[in-house]
Number of protein chains: 2
Amino acid sequence: MLSDRQRLILNAIVDNYIHSAEPVGSRTISKREDIGYSSATIRNEMSDLEELGYLEQPHTSAGRVPSTKGYRFYVDNLIQPHLLNEQDLVKLKQLFAERILHAEQVVEYTAQILTQLTNYTAIVMGPEVFDHRLRNVQIVPLNETQAVAIIVTHTGRVENKLIDLPDGIGTSEIERLVNLLNHRLTDVPLWQLRQRLYQEISGEMRRHTEQYEEMLQLLDQSFHQEETDRVYLSGATKIMNQPEFRDVDKVKDILELLEQHDQLLHMLGMPANGLTVRIGQENQLDAIKQCSIITASYSLGGKPVGMVGILGPTRMEYSRVITVLNHLAEGLSRMLTSQFEK
Amino acid sequence: MLSDRQRLILNAIVDNYIHSAEPVGSRTISKREDIGYSSATIRNEMSDLEELGYLEQPHTSAGRVPSTKGYRFYVDNLIQPHLLNEQDLVKLKQLFAERILHAEQVVEYTAQILTQLTNYTAIVMGPEVFDHRLRNVQIVPLNETQAVAIIVTHTGRVENKLIDLPDGIGTSEIERLVNLLNHRLTDVPLWQLRQRLYQEISGEMRRHTEQYEEMLQLLDQSFHQEETDRVYLSGATKIMNQPEFRDVDKVKDILELLEQHDQLLHMLGMPANGLTVRIGQENQLDAIKQCSIITASYSLGGKPVGMVGILGPTRMEYSRVITVLNHLAEGLSRMLTSQFEK
DNA sequence: GTTAGCACTCATTGCGATTGAGTGCTAAAT
DNA sequence: ATTTAGCACTCAATCGCAATGAGTGCTAAC
């Protein structure tokens, strides 16, 4: 659809704008080494590219700026792979060299490294729990009326919840109950716990326990898990380094959105396989219609379980960010898989 | 030191400036109902107050603005207690009505309610772990090489850590070990755990266990707890609502500081009893020399264990914020104490 | 098809005049 | 001895206007 020359010029314009943040004029482009045309020629091509919707003009006597469509074409067709320098690679390796880490820590470090490497805001969605299976249950009484229920999954994740102890339940009874549960529910996926509890265990419990009702109530509390917040941000303030976000109101909208993790989750959706680039207007939420979001999913045993992402201005270093995200997602997948699938 | 009239006028000026955010002129003050003097008289008094350091003038032909010293005097001597309205009280009660909550959830909710009530940034620290005593230890093997160590404190807090299993340690051995620990270390303060482990348990362990060294190593890992991050923020973006923070650079400095929880901790220091007000220049960190921070400590059984705080512009509604913080700190103390000290 | 040249556009900058909120001082009033 | 009215003065903010210059679009020549 676009001639080779148009592609060349579009590429040059986007490239330039990404680094300068200023509308680029025809002369700027014609002076580039990889371009052998006069400014007049460039002007004509620019005019065409604008007509086709790839470029925009802030006002008549200004240079051109890529439109969302322009960036989209750039990302889909023109981008060339970015090579990471030694320093960056070292930082990445550092993360994966950490031997023993909880998933939460990994996620946190990952976010931090992402911001460091890109100077944009990092968003990391943490391994989803869907696939987690029960490894161990504990119920630890604190006093006569309260206890902590603890659930350990096969991935090493620990969930805990403060619960009310029904009247007149003794330590020995709890112990028996916990034993029973560990016997019968090991390897059951977390989301099935309550269901299985009613289907399979309740009968047996009734036979062994006097306070059947109370016990059941206790377990019901324990297994009623809340959706824990699995979004980590790092470098939220980085957006303020961008010249196009010198305006407090714009920044405010974005940062307020970032504070609402549920909205973020909703926006990013379930982790699908691969890389996603959302450019400017393509975003649903108004607050970030001047931003781009790039996400890459990472997986555990081939199944996507989370994503790493970057939020930056539409004028983002797409090539670099994509490379970093791919590296990171791949590394995370390897790390997770080797840690949990043996 | 200040005459009654000077106090009256200073109070009026601070009051006015807090709500208008504009330098206040003599006429504005003289028109107030509680002031019975002409603008000329006010002008003279203002001039004196400026000479004494309580007021400042942005430029010659502008009104006056309170200086740090002025706010300080206002807070120490002029402020009158703020009465909370029905709505606010309901919100506070709502929080304390929550029956079963982990300390972490309480802290999070508290921060949220604080921002809602004040429209400033809320900072909540704590509860500190120093006083937490061991209730229960568990070690749950995940596979041949890894396990999760879980520590439950008498307050219901659960710490967990992924650990390496030394070679050739069996399930039964771990079980024996855990039993021994639970027998001997219950009610020991967390910070003493490692010490006590070496002093008291190691001898006994040596007798009962073949792999003494490996076991010790394992426990050492488990009890080596990191300082967990105990700072919660809410409404960090609220500062952008303030007209004096329409400047991205100022905001950036502040938000970057808020991202560094360690700095915050250091700045706020250990929870001392009572209420602290840090006004403008009194703050050590440059980023917040245009802000005020008010903190109130809450306690468990009389001992301060954490603090609730508000960060806002120097032009803050001191009276209101102080009242809210006092209410909240008191409520939290009651809640914690009744929950854990029976 | 490409480019030189030129008229045209328009955001940005700089400058001087104007405005108005607010002060400081002095002299009159209380 | 205070208090206040009055007036000259200051200075940020605003407006209008001309100058500047980066950049375009178009046309005619190469």
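Side-chain atoms of B:Ser319 come within 3.5 Å of backbone N or O of B:Gln80 as a donor-acceptor pair. Put simply, the side chain of A:Lys238 never gets that close to the backbone of A:Ala122: no donor and acceptor are under 3.5 Å apart. At distances below 3.5 Å, not a single donor-acceptor pair connects side-chain atoms of B:Glu244 with backbone N or O atoms of B:Ala21.
Residues B:Leu117 and B:Leu328 are not in side-chain contact: their nearest non-hydrogen atoms beyond the backbone lie 4.5 Å or more apart.
Direction of the helix axis in the helix from C:dG1-D:dC30 to C:dT30-D:dA1 shifts by 20° between the two five-pair termini, rounded to 10°.
In this structure, the CD atom of B:Gln6 is 13 Å from the P atom of D:dT2, given to the nearest Å. In this structure, B:Arg64 places its CZ atom 7 Å from C1' of C:dT23, rounding to the nearest Å.
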Sub-3.5 Å pairs of nitrogen or oxygen atoms, protein against nucleotides 13-21 of chain C:
none

Nucleotides 27-30 of chain C: which of its N/O atoms have a protein N/O under 3.5 Å away?
none

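Listed here is the closest heavy atom pair of A:Leu264 and A:Leu258: CD1-O, 3.9 Å.
Within residues 38-52 of chain B, the residues that place at least one heavy atom under 4.0 Å from DNA chain C are, in residue-number order, B:Arg43, B:Met46. Taking every heavy atom of residues 9-29 of chain A and every atom of DNA chain C, no pair lies under 4.0 Å.
Contact check on B:Asp48 versus B:Arg5 returns no salt bridge, with no Lys/Arg side-chain nitrogen under 4.0 Å from an Asp/Glu carboxylate oxygen.
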Under 3.5 Å, which donor-acceptor pairs do the side chains of residues 53-62 of chain B form with other protein atoms, sequence neighbours left out?
{"residue": "B:Gln57", "atom": "NE2", "partner": "B:Thr60", "partner atom": "O", "Å": "3.0"}
{"residue": "B:Gln57", "atom": "NE2", "partner": "B:Ala62", "partner atom": "O", "Å": "3.1"}

Next on the checklist: Using the rule given for side-chain contact (heavy atoms from CB on, under 4.5 Å), can you reason through A:Ile310 versus A:Leu114, listing the C-alpha separation, both sets of side-chain angles and the distance that settles it, and then say yes or no?
Outcome noted: CA-CA 8 Å; A:Ile310 285 289; A:Leu114 259 176; 3.9 Å; yes

Item to check | Test salt bridge (Lys or Arg N to Asp or Glu O under 4.0 Å) applied to B:Arg246 and A:Asp249, step by step | outcome: CA-CA 8 Å; B:Arg246 304 296 308 163; A:Asp249 289 320; 2.8 Å; yes

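Using a 3.5 Å distance cut-off with no hydrogens or angles, the side chains of A:Gln284 and A:Arg278 do not pair a donor with an acceptor.
Atom CZ of A:Arg72 is surrounded by more than 12 heavy atoms from other residues, nucleotides or ligands within 6.0 Å.
Checking D:dG25, C:dT2, C:dT9 against every side-chain atom of A:Thr60, the shortest atom distance belongs to C:dT9. Of the candidate nucleotides D:dG25, D:dT3, D:dA12, D:dT3 has the atom lying nearest to any side-chain atom of B:Tyr37.
Aromatic ring orientation, B:Tyr318 versus B:Tyr71: tilted (interplanar angle from 30° to 60°).
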